[in-house]
Amino acid sequence: MSVETDSATPVWSDPSLDAETRADALIAAMTLPEKIAQLYGVWVGASDEGGEVAPHQHDMEEPVDLDALLPHGLGQLTRPFGTAPVDPALGALSLLRTQRRIAEANRFRIPAVAHEECLAGFATWGATAYPVPLSWGATFNPALVRRMAEAIGRDMRSVGVHQGLAPVLDVVRDARWGRVEETIGEDPYLVGTVATAYIQGLESAGIVATLKHFVGYSASRAGRNLAPVDMGTRERADVMLPPFEMAVRESGVRSVMASYTDTDGVPSHADEQLLTGLLRDTWGFTGTVVADYFGIAFLKALHGVAGTWGEAAGAALAAGVDVELPNVKTFGRPLLDAVTEGQVPEALVDRALRRVLIQKAELGLLDPDWNPVPDALAGADLTDPEALRGSVQLDTAANRAIAREIAEQAVVLLRNDGTLPLARPARIALIGPNADLPMSVLGCYSFPAHVGVHHPETPVGIELPTLREALLAEFPGSEIVTAPGAGVDSTDTSGFAVAAELARGADVVVLALGDRAGLFGRGTSGEGCDVESLVLPGVQQQLLDTLLDTGTPVVVTLLAGRPYALGRAVEESAAIVQSFFPGEEGTAAIAGVLSGRIAPAGRLPVSIPGRPGVQPSTYLAAPLGQISDVSSTDPTPAFGFGHGLTYTTFEWSDLLVEDGEAATDGEVALAFTVRNTGDREGTEVVQLYLHDPVASVVQPVQRLIGYVRVPLAAGEASRVRVTVPADLASFTGRGGRRIVEPGELELRLSASCTEPRLTATVTLTGPVRQVDHTRRLHATFAVAPQTGD
């Protein structure tokens with residue numbers, strides 16, 4: 001079919017035509033080297049003087065000759081802002097100059113897609129450091145997470161970035177895994193709803209969000225990073241895949257990243273059934289699939305399913321990977337030779353290229369009036385780089401306000417004997433390795449922890465108040481004495497005596513324990529920082545026990561990337577306050593909870609283990625996964641998923657089962673009242689769990705199928721109505737198909753997985769019903785103020 005267009009404008013440059021038509025025309029005009037060039041990236045670092053980017057070297061890469069590559073074009077620029085500290089304005093200038101060079105070097109004038117990390121904020125120097133995803137999960141507040149993502153996306157687009165490598169949708173299966181801090185929690189419904197909101201926010205700002213890691217990465221054997229995965233098809237279908245399915249259906253996501261892992265011997269980067277059969281043919285995903293960094297090369301180097309780089313490239317293309325990241329390793333000369341020699345069909349290159357070019361067309365990168373100048377530099381004098389320095393702010397007051405709100409809602413009060421909120425103590429002993437460390441609030445993918453630590457000569461770029469500074473501001477009338485007691489992962493106990501002496505002379509001890517984020521063993525939490533048990537790092541448990549022995553009330557305060565067993569503190573501490581790397585506003589949030597200025601509202605996105613050696617263990621356990629008389633180990637958590645105390649009390653009452661019987665394609669409805677019976681405001685998080693007493697395959701004892709936050713003033717009540725589709729009772733049956741079975745179910749209205757408040761028994765009737773990816777995914781909550789008694 002011919003397409004009419006202005007003869008002076010090539011079809012692929014005509015913005016009046018649909019992206020598919022433009023991509024097809026461009027593919028027909030390209031040589032094989034030009035096609036392949038659009039399928040790989042180059043890892044670069046922006047210039048802090050505003051000059052063009054420079055290639056970044058890594059031990060998995062050969063040196064890159066940009067002059068040789070660029071005449072054919074370039075698909076992606078890897079982390080121009082996130083490789084080394086660079087002033088944002090000068091980084092944007094460096095990127096635009098490089099994009100102009102890329103476009104001018106190839107005959108179709110196509111620029112590259114620039115991508116960055118944005119797991120807890122735009123990972124660049126001077127940008128806001130938000131709480132990590134585990135804190136997003138603790139808020140149980142997708143709408144707030146979406147606002148954060150919108151702000152992150154606006155900042156990225158303002159300096160010329162197109163794609164963000166977030167969020168992580170891996171469901172925690174073993175908390176020993178170092179990347180737990182990057183996840184949203186141990187429940188697929190919580191992960192799916194929060195991640196979908198994040199994606200919606202990022203995409204609404206014009207950034208291509210990237211789902212990762214597809215799929216199973218967090219289920220690695222023994223919690224070891226990049227270890228094999230032993231996972232049955234049912235666990236994969238019912239636990240690991242639902243968050244991705246929800247995001248593909250509801251978020252508008254435009255990219256997916258394959259996982260490093262192999263499941264039952266098949267690496268995700270070479271899994272055609274996963275990346276094409278399920279993701280595209282079944283779910284209908286139309287965007288790009290990108291490789292995790294070096295993931296295609298790992299098919300040869302680590303997995304051993306390819307004998308050459310060309311075979312690795314062909315296997316990934318056949319499976320459905322479209323773009324090699326972070327650099328050109330297999331999709332360059334090895335792929336070109338493999339196609340030329342007939343080992344890889346050129347049709348596979350064209351298939352991937354079409355997806356890449358459609359996305360570039362949608363981003364405006366094929367338009368004749370494409371302009372590399374980003375919004376942040378619009379109207380600026382680009383001839384004077386030094387005049388630009390400091391002109392772009394990525395840590396604004398508005399950003400910090402969102403970071404503060406998330407941090408405040410994510411603080412989880414695990415235990416309280418009445419000591420909190422603190423009533424103006426005369427003397428506070430602030431003790432612990434995280435008492436006075438600015439970096440204790442940051443996860444491993446924050447820029448200061450990920451990149452900044454390699455550049456100690458460069459200032460951090462943002463304000464990171466320590467917990468000590470936050471307490472001084474929060475308690476101006478109190479004397480605050482401080483001692484670390486020990487380092488985060490130190491084995492040195494010589495500081496215990498000083499810490500104990502300070503504790504005995506104080507009214508209360510605030511004990512700041514937890515993690516130090518890092519990469520590949522340089523921290524106690526983060527990528528490659530896996531642990532053998534969930535005992536607190538170093539000698540922190542011994543320090544905790546020493547201070548409990550002083551008799552002074554101890555408020556255990558955790559700034560951590562994963563849950564830890566807390567030993568005697570579960571029963572003997574005055575209070576336990578849990579935060580998960582709460583970002584630059586985090587210490588003020590913790591201090592506000594300690595003083596009572598902030599009403600605690602966070603809920604656990606992961607269970608706190610009762611013992612350090614019971615992993616893998618999450619609340620999503622079958623009956624055989626519970627405590628029993630035939631095993632000497634007890635997996636019962638100290639604090640279960642969803643747990644969190646407040647400074648008030650709530651009464652749940654007047655349960656009405658409005659529709660307690662429905663067909664397997666119908667819905668049931670309940671209503672009940674939640675009342676704040678205390679003397680101050682608070683937020684109850686209503687959690688709806690499904691218990692299926694009899695099913696054709698073993699089910700978890702319970703699983704979360706819905707939740708809603710209910711803020712209430714003192715004495716206030718709300719009537720909560722919830723409609724539950726039968727689809728939410730579906731699971732993968734013996735035949736491998738998702739089904740809804742008739743029978744009796746329990747709907748548990750709970751404050752956590754261990755704290756049911758009201759239970760409704762309902763019945764599904766009719767035949768076994770098969771459902772698919774079009775099934776309903778959500779219960780519907782309606783919360784209305786209730787007047788009168």
Side-chain angles (χ1 to χ4, degrees), residues 3 5-6 8-27 29-30 34-35 37-39 41-42 53 70 73-78 80-81 91-116 118 122 149-150 152-165 199-210 251-255 286-288 290 322-323 352-380 382 392:
V3 178
T5 185
D6 185 339
T9 304
V11 171
W12 53 83
S13 297
D14 188 345
S16 70
L17 301 175
D18 61 81
E20 291 79 5
T21 298
R22 298 169 69 185
D24 289 340
L26 188 49
I27 292 169
M30 284 178 146
E34 288 170 333
K35 293 177 179 181
Q38 293 296 318
L39 306 185
V42 171
V53 300
L70 293 187
L74 183 63
Q76 291 247 353
L77 284 169
T78 293
F81 288 88
L93 178 60
S94 176
L95 177 57
L96 83 84
R97 287 176 170 174
T98 301
Q99 288 280 43
R100 185 174 287 138
R101 176 187 174 190
I102 293 169
E104 291 175 351
N106 71 84
R107 65 191 181 105
F108 299 106
R109 299 188 60 81
I110 307 173
V113 168
H115 75 257
E116 293 288 351
C118 55
F122 181 10
E150 290 172 353
I152 293 170
R154 285 194 299 269
D155 285 344
M156 296 171 76
R157 284 299 293 134
S158 75
V159 294
V161 176
H162 306 101
Q163 183 169 359
L165 302 188
I199 298 158
Q200 290 168 341
L202 208 63
E203 290 278 358
S204 72
I207 291 292
V208 175
T210 309
S251 70
V253 67
R254 289 180 283 175
S255 192
T286 59
T288 57
V290 301
D322 303 313
V323 178
L353 176 61
R354 189 171 191 268
R355 297 164 184 160
V356 168
L357 293 179
I358 287 172
Q359 200 158 89
K360 286 196 171 187
E362 292 170 345
L363 289 167
L365 300 181
L366 304 185
D367 293 353
D369 61 350
W370 169 78
N371 186 345
V373 180
D375 291 345
L377 299 184
L382 304 182
V392 174

- Query: Side-chain contact, heavy-atom cut-off 4.5 Å: Val208 with Leu363?
  - Reply: yes

- In Å, rounded to the nearest 0.5 Å, how long is the span from CH2 of Trp370 to CD1 of Ile110? 11.0 Å

- Does any non-hydrogen side-chain atom of His162 lie less than 4.5 Å from one of Arg157? yes

- Query: Do Pro368 and Pro10 touch side chain to side chain, with heavy atoms closer than 4.5 Å?
  - Reply: no

- Query: Backbone N or O of Asp155 within a donor-acceptor pair of the Ser158 side chain at under 3.5 Å?
  - Reply: yes

- Item | Matching residue for Val392 among Leu93, Val159, Asp375 - test: side chain to side chain contact (heavy atoms under 4.5 Å, CB included) | Val159

- Task: Check whether the side chains of Asp24 and Thr21 place a donor and an acceptor atom closer than 3.5 Å, and report yes or no.
- Result: no

- To the nearest 0.5 angstrom, please state how far the CG atom of Asn371 sits from the CD atom of Gln99. 11.0 Å

- Task: State, with a plain yes or no, whether a side-chain heavy atom of Cys118 is found less than 4.5 Å away from one of Leu165.
- Result: no

- Note on the structure: In terms of heavy-atom contacts, Pro374 and Leu96 come closest through CD-CD2, 4.0 Å

- Identify the two heavy atoms, one from Ile207 and one from Gly164, that lie closest to each other, and give their separation to 0.1 Å. CG2-N, 3.4 Å

- Nearest 0.5 Å please: distance from the CD1 atom of Ile358 over to the CG atom of Leu353. 9.5 Å

- Item | Main-chain N/O of Gln38 paired to Lys360 side chain as donor or acceptor, under 3.5 Å | no

- Classify the side-chain pair Ser251/Glu203 by whether it contains a donor and acceptor separated by less than 3.5 Å. no

- Message: Distance check, rounded to the nearest 0.5 Å: Thr288 atom OG1 versus Leu357 atom CG?
- Response: 11.5 Å

- Could you check if a side-chain atom of Arg354 sits within less than 4.5 angstrom of a side-chain atom of Glu20, using non-hydrogen atoms only? yes

- Item | Non-hydrogen atoms of Leu382 and Arg97 that approach each other most closely | O-NH2, 3.2 Å

- Task: Compare every heavy atom of Lys35 with every heavy atom of Ile27, then report the nearest pair and how far apart it is.
- Result: O-CE, 3.5 Å

- Message: Rounded to the nearest 0.5 Å, what separates atom OG in Ser255 from atom CD1 in Ile199?
- Response: 11.0 Å

- Message: Determine whether a donor-acceptor pair (N or O, by modelled atom type, separation under 3.5 Å) exists between the side chain of Glu116 and the backbone of Phe81.
- Response: yes

- Query: Stepwise, does the side chain to side chain contact (heavy atoms under 4.5 Å, CB included) test hold for Val373 with Arg100?
  - Reply: CA-CA 9 Å; Val373 180; Arg100 185 174 287 138; 4.2 Å; yes

- About how many Å separate CG of Asn106 and CG of Leu70, when rounded to the nearest 0.5 Å? 8.0 Å

- With a 4.5 Å heavy-atom cut-off, do Ile102 and Leu77 have their side chains touching? yes

- Item | Side-chain touch Leu74/Val42, heavy atoms, less than 4.5 angstrom | yes

- Item | Leu95 vs Pro80 side-chain heavy atoms within contact, under 4.5 Å | yes

- Hey, is Asp367 close enough to Arg22 for a salt bridge, meaning N to O under 4.0 Å? yes

- Message: What I want to check is whether the side chains of Gln359 and Gln163 have a donor and an acceptor closer together than 3.5 Å.
- Response: no

- Task: Please determine which of Leu39, Val113, Asp322, Thr210 meets the side chain to side chain contact (heavy atoms under 4.5 Å, CB included) test together with Val290.
- Result: Thr210

- Item | side-chain hydrogen bond (donor to acceptor under 3.5 Å, both in side chains) against Arg107, all qualifying residues, sequence neighbours excluded | Glu34

